[in-house]
Amino acid sequence: MSEFAPICIYLAISPLVSLIPLGVPFPFASNSSTYPEKLSAYECGFDPFGDARSRFDIRFYLVSILFIILDPEVTFSFPWAVPLNKIDPFGSWSMMAFLLILTIGSLYEWKRGASDRE
């Protein structure tokens with residue numbers, strides 16, 4: 001049981017370390033709804049007109065999905081940035097296959113017009 005003591009101590013202390021900073025501001029916080037400035041119009045001074053929960057165009061979601069797909073490209077390209085004489089042929093060809101798949105996907109997106117803006 002003594003080999004699990006550090007893990008048990010960690011499991012006991014880590015919730016305290018994360019929950020104490022969340023609870024400290026509550027005794028010092030004031031009721032913000034009593035201030036009329038908090039209830040006034042925000043930003044440009046106009047009262048809101050229309051519903052804030054209107055439907056978004058699907059292109060906004062496509063841009064975010066394209067970012068999520070292409071972000072690992074940069075992450076997987078970092079290990080390939082070592083000098084080429086230290087990479088064996090398997091590593092070099094696997095990176096070429098990865099870049100080929102990404103290129104085919106990018107061409108498909110471009111052909112379908114996923115990144116076009118009107």
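Computed from a prediction, not measured in an experiment: that's the story for all the values here.
Note on Phe98: it clusters hydrophobically with Trp93, by side-chain heavy-atom contacts below 4.5 Å among ILVMFWY residues.
In this structure, Ser94 OG and Leu99 CG are separated by 9.5 Å, a value rounded to the nearest 0.5 Å.
The other residues sharing a hydrophobic cluster with Phe4 are Ile7, Tyr10, Leu11, where clustering joins ILVMFWY side chains under 4.5 Å apart. With a 4.5 Å cut-off between side-chain heavy atoms of Ile, Leu, Val, Met, Phe, Trp and Tyr, the cluster of Ile104 takes in Leu100. When hydrophobic side chains of Ile, Leu, Val, Met, Phe, Trp and Tyr are connected at separations under 4.5 Å, Val24 ends up clustered with Leu16, Ile20, Phe28.
Across all their heavy atoms, Pro25 and Pro21 have their closest contact at CD-O, 3.4 Å.
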